[in-house]
Amino acid sequence: MRIATWNVNSIKQRVGHLVGFLEEAKPDVVCLQELKCQDAGMPRAEIEAAGYAVETLGQKAYNGVALLVRAPLQMSEIRRGLPGDEADEQARYIEAVITGEDATTGKAVAPLRVASIYLPNGNPVESPKYPYKLAFLERLRLHARALMAEETALVLAGDYNVIPEPEDAADPEAWRSDALFLPQSRAAFRRLLAEGFTDALRACDPRGGLYTFWDYQAGSWPRNQGIRIDHLLLSPQAADRLVSASVQKHLRGLEKPSDHVPVTVELAPA
DNA sequence: ATGCCAGCATGTTGCTGA
């Protein structure tokens, strides 16, 4: 079972790269962020033609998240929006239970719940955007705690907009006072992890220096001035099955790339 | 200290992102 997360920075601009990734990596589940379009604008036909079912929580111009599953897998118990704030209208969370047969093995997959998350950026720190970010992280922690009580495999994947540790930035000093790296942001992320999650990429490669985002500006990509902000957090039942995790770095080098690249984990059958 | 780049809106510039 291969699960990927990717902030595509506009699905309409990136559907070609996405289909290429689906054909190349053949992920079973894909969590997308920053669709930047409403549900009606989602390029479903191209994605379905590549063999995937699509569920979205879209929004005009900003945010927007989606879940894709490779046929004949299916999604059920779809939850749109993160609980805990009825007034929150930003499209940043979609969750589903994955069921059905693995296309490769033909065997029924073990119960698995997956969420695609686009955490608020939080800058500027002096604006209401920063408390919104911290509140979102706390809402996510409380919801994650409730899901954890089911004791089934759970994967919370997405763009967390949090640099967990200094080794997750090429130049940590440049991010010192940024919402992505402030001590309060990192502490809130650690509190989420402390509910019992494993940071999959960190667990597979603790050395650091792996990045998932390079700014379009200031030559960040050619200078490898990246940061690691896209994460897959695994419940114990999922972490027990963790085989490998990898960053699809080559996609940043394509024409008209997203500023993020996919991160993928491989889970063994239960 | 600011803009650098990129995408979207009802636009010829402003907002947002990270």
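We name chains A, B, ... by the order of the sequence lines, and we start the count at 1 in each one.
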Between A:D28 and A:R70, does a salt bridge (charged side-chain N to carboxylate O under 4.0 Å, His left out) hold up when you go through it step by step?
CA-CA 5 Å; A:D28 298 290; A:R70 188 180 169 206; 3.6 Å; yes
B:dG3 and B:dG14, which share atom name P, separated by this distance in whole Å
12 Å
Atom-to-atom span, CG of A:D215 to P of B:dG17 - whole angstrom:
14 Å
Expected output check: what is the dot-bracket annotation of DNA chain B, where ( ) and [ ] are pairs inside the strand (brackets for crossing ones), | is paired with another strand, and pairs are Watson-Crick or G-U under 3.5 Å?
....(((((...))))).
Whole Å only: how far is the NE2 atom of A:H260 from the P atom of B:dG17?
11 Å
Base, sugar-phosphate, or nothing: which does A:N161 touch, judged by heavy atoms less than 4.0 Å apart?
sugar-phosphate
Kindly give the atom pairs (protein nitrogen or oxygen, nucleotide nitrogen or oxygen) under 3.5 Å for nucleotides 7-12 of chain B.
{"from": "B:dG7", "atom 1": "OP1", "to": "A:R14", "atom 2": "NH1", "distance (Å)": "3.4"}
{"from": "B:dG7", "atom 1": "OP1", "to": "A:R14", "atom 2": "NH2", "distance (Å)": "3.4"}
{"from": "B:dG7", "atom 1": "OP2", "to": "A:K256", "atom 2": "NZ", "distance (Å)": "2.7"}
{"from": "B:dG7", "atom 1": "O3'", "to": "A:S10", "atom 2": "OG", "distance (Å)": "3.4"}
{"from": "B:dC8", "atom 1": "OP1", "to": "A:S10", "atom 2": "OG", "distance (Å)": "2.6"}
{"from": "B:dC8", "atom 1": "OP2", "to": "A:Q13", "atom 2": "NE2", "distance (Å)": "3.1"}
{"from": "B:dA9", "atom 1": "OP1", "to": "A:A61", "atom 2": "N", "distance (Å)": "3.4"}

For A:W221, check ring-ring contact (aromatic ring centres under 6.0 Å, His included) against everything at least two apart and list the hits.
A:W214
Gap between atoms CG and C1', on A:D178 and B:dG17 respectively (whole Å):
11 Å
Sequence neighbours left out, what passes salt bridge (Lys or Arg N to Asp or Glu O under 4.0 Å) with A:D205? Give chain and number order.
A:R207
Apart from A:L140 itself, members of its ILVMFWY cluster (side-chain separation under 4.5 Å) are A:L82, A:Y93, A:I117, A:L119, A:Y132, A:F136, A:L137, A:L147, A:M148, A:L154, A:L156, A:Y160, A:V162, A:F189, A:L192, A:L193, A:F197, A:L233
Using a heavy-atom distance cut-off of less than 4.0 Å, which residues of residues 127-135 of chain A contact DNA chain B?
A:K129
Say we look at B:dT10 and B:dT16: how far apart would their P atoms be, to the nearest angstrom?
13 Å
I'd like to check the side-chain contact (heavy atoms from CB on, under 4.5 Å) partners of A:R145; sequence neighbours left out, ordered by chain and number.
A:R141, A:E195
Expressed in whole Å, how much space separates the C1' atoms belonging to B:dC4 and B:dA18?
13 Å
Contact class for A:Y118 (heavy atom, under 4.0 Å): base, sugar-phosphate, or nothing?
sugar-phosphate
Partners meeting side chain to side chain donor-acceptor pair (under 3.5 Å) with A:R176 (sequence neighbours left out):
A:E173
Given atom CG of A:N63 and atom P of B:dC15, what is their separation to the nearest angstrom?
18 Å
A:N123: which residues meet the side chain to side chain donor-acceptor pair (under 3.5 Å) condition with it, sequence neighbours left out?
A:N121, A:D178
Rounded to whole Å, CH2 of A:W221 lies from P of B:dA6 at a distance of 14 Å
Counting the atoms with a prime plus P, OP1 and OP2 as sugar-phosphate, which does A:D230 contact under 4.0 Å by heavy atoms, base, sugar-phosphate, or nothing?
nothing
Between atom CG in A:N7 and atom P in B:dT16, what is the gap in whole Å?
17 Å
So, using salt bridge (Lys or Arg N to Asp or Glu O under 4.0 Å) as the criterion, who are the partners of A:E165 when residues are at least two apart?
A:R186
Under the salt bridge (Lys or Arg N to Asp or Glu O under 4.0 Å) test, residues paired with A:E77 that sit two or more places apart:
A:R113
side-chain hydrogen bond (donor to acceptor under 3.5 Å, both in side chains) pairs touching residues 10-24 of chain A, sequence neighbours excluded, are A:E24-A:H250
Go through A:D171 and A:R223 one step at a time and tell me if the salt bridge (charged side-chain N to carboxylate O under 4.0 Å, His left out) criterion holds.
CA-CA 11 Å; A:D171 181 8; A:R223 296 189 301 121; over 6 Å; no
Any donor-acceptor pair under 3.5 Å joining the side chain of A:N121 to the base of B:dA18?
yes
For the pair made of NE2 in A:H231 and C1' in B:dA18, what is the distance, rounded to whole Å?
13 Å
